[in-house]
Number of protein chains: 2
Amino acid sequence: MAQKTQFDMQTFFQALGDNTRLRLLNLMGEQEVCVCYFVEILDAPQPKISRHLAYLRNAGIVSARREGKWMHYRIVMPFHIGATHILRQTLDWLKEDKAMQADRARLTRACCSPAKYDLDGAPLPVAVECCEVCR
Amino acid sequence: MAQKTQFDMQTFFQALGDNTRLRLLNLMGEQEVCVCYFVEILDAPQPKISRHLAYLRNAGIVSARREGKWMHYRIVMPFHIGATHILRQTLDWLKEDKAMQADRARLTRACCSPAKYDLDGAPLPVAVECCEVCR
DNA sequence: GCTACATATACGCCAAGGCAAATATATGTC
DNA sequence: GACATATATTTGCCTTGGCGTATATGTAGC
């Protein structure tokens, strides 16, 4: 699929205008995360998670990678440089939010003891290499 | 009304997720604009303009000021510093868009010859003083 | 008061998008 | 092939929020 001539701002902001999707983005941050972790941490039905991830994917904000049974999602910083800056700013903003911090803490705990979270055998999140905007 | 303890990101992004509202923000930029100018430049029904301005006002992104029969709207940069940065970044991004540039050009022309645009007597947009983030 | 003008809100309609529950589609293992 | 697991999609329901039209509100001038 050819790249769109002009990145659609409306779609971009609509994708960010939902709290569940913001929580997902917050958990991804700089790492690639397996769907099963999202389900555990957000404590939400799996279809709900998948739906929101699909929404983010359609908006061009995340990309998916299959590894056997598991799907990994990570934030992509492509398209427009302005969108990239806004996305980075948004992620920084999320880090200040108490509820978002709690989500991240839960993710860390889950990674340390997957068995306690029904995540035994699931692939751990892995850090993704930084893009040019990360500095 | 007391200030909200935590600025609502979801509401903020939802407000930005509409093309009409982005056009309005683009026209405001660094100036305070009368509703009648929006109606002329966007060539849209007046209730539609008012509805979207109300949406932006409820989201805390613009403020309104009455001057006789006329209402002036301007962008406000309050709330959260992160939101302010995102908003500024968004406005810069809008400036690169061809359609948005055309809107701004039309606004300039309308200001130069209001009579041609059914805007005789309407108050011209006025520049607003910069906030600390403008640098 | 009445009238004109600028703007805001209410109404009815329709599409987008949230949700939960059910079902379909990989993939891996036997 | 059958079966289990991980994830995606479909279905039906309901809310939000676009739109245009009609109406209400606020202000100015008489």
Short side-chain to backbone donor-acceptor contact, Glu32(A) and Arg74(A), under 3.5 Å: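 No: the side chain of Glu32(A) does not pair with the backbone of Arg74(A).
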Under 3.5 Å donor-acceptor, Arg106(B) side chain and Thr108(B) backbone: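 Flag not set: sc Arg106(B) to bb Thr108(B) has no pair under 3.5 Å.
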Can you give one letter per nucleotide of nucleotides 25-30 of chain D, going 5' to 3': B for a protein heavy atom under 4.0 Å from the base, S for sugar-phosphate only, - for none? -SSS--
Which nucleotide, dT7(C), dT9(C), dG18(C), lies nearest any side-chain atom of His52(A)?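 Out of dT7(C), dT9(C), dG18(C), the nucleotide with an atom closest to His52(A)'s side chain is dG18(C).
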Could you check Asp18(A) against Pro47(A) and say which one's nearest nucleotide on DNA chain C is further toward the 5' end?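 In this pair, the answer is Asp18(A).
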Testing the basics here: between Leu87(B) and Val76(B), what is the closest heavy-atom pair and its distance to 0.1 Å?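 For Leu87(B) versus Val76(B), the nearest heavy atoms are CD2-O, 4.1 Å.
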Between Tyr37(A) and Trp70(A), does the ring centroid distance fall short of 6.0 Å?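 Not close enough - the centres of the two rings lie 6.0 Å or further apart.
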Can you find a side chain N or O atom of Arg51(A) that sits less than 4.0 Å from OP1 or OP2 on dC19(C)?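 Yes, such a contact exists.
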Does Tyr73(B) place a side-chain N or O at less than 4.0 Å from the phosphate oxygens OP1/OP2 of dA8(C)?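 Checking Tyr73(B) against dA8(C): at least one side-chain N or O falls below 4.0 Å of OP1 or OP2.
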Tell me, which pairs form a salt bridge (Lys or Arg N to Asp or Glu O under 4.0 Å) where one or both residues lie in residues 11-26 of chain A, sequence neighbours left out?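 Passing the test, one end in residues 11-26 of chain A: Arg23(A)-Asp103(A).
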Can Thr90(A) and Leu22(A) be said to form a side-chain contact (heavy atoms from CB on, under 4.5 Å), step by step? CA-CA 9 Å; Thr90(A) 302; Leu22(A) 289 173; 4.3 Å; yes
What distance separates Asn58(A) CG from Thr11(A) OG1, expressed to the nearest 0.5 Å?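 Going from CG on Asn58(A) over to OG1 on Thr11(A), the span is 10.0 Å.
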So for Gln46(A) and dA6(D), does any side-chain atom that can act as donor or acceptor lie under 3.5 Å from a complementary atom in the base?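 No, no donor-acceptor pair under 3.5 Å.
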With side-chain contact (heavy atoms from CB on, under 4.5 Å) as the test, would you mind laying out the steps for Glu67(B) and His72(B) before giving the verdict? CA-CA 7 Å; Glu67(B) 181 190 339; His72(B) 301 261; 2.8 Å; yes
Base, sugar-phosphate alone, or nothing: which one does Phe38(A) contact when heavy atoms must sit under 4.0 Å apart?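 No contact at all - Phe38(A) keeps every heavy atom at 4.0 Å or more from the nucleic acid.
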For DNA chain C, determine which residues of residues 19-27 of chain A have any heavy atom closer than 4.0 angstrom to one of its atoms, and list them numerically.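 Heavy-atom contacts with DNA chain C come from Thr20(A), Arg21(A).
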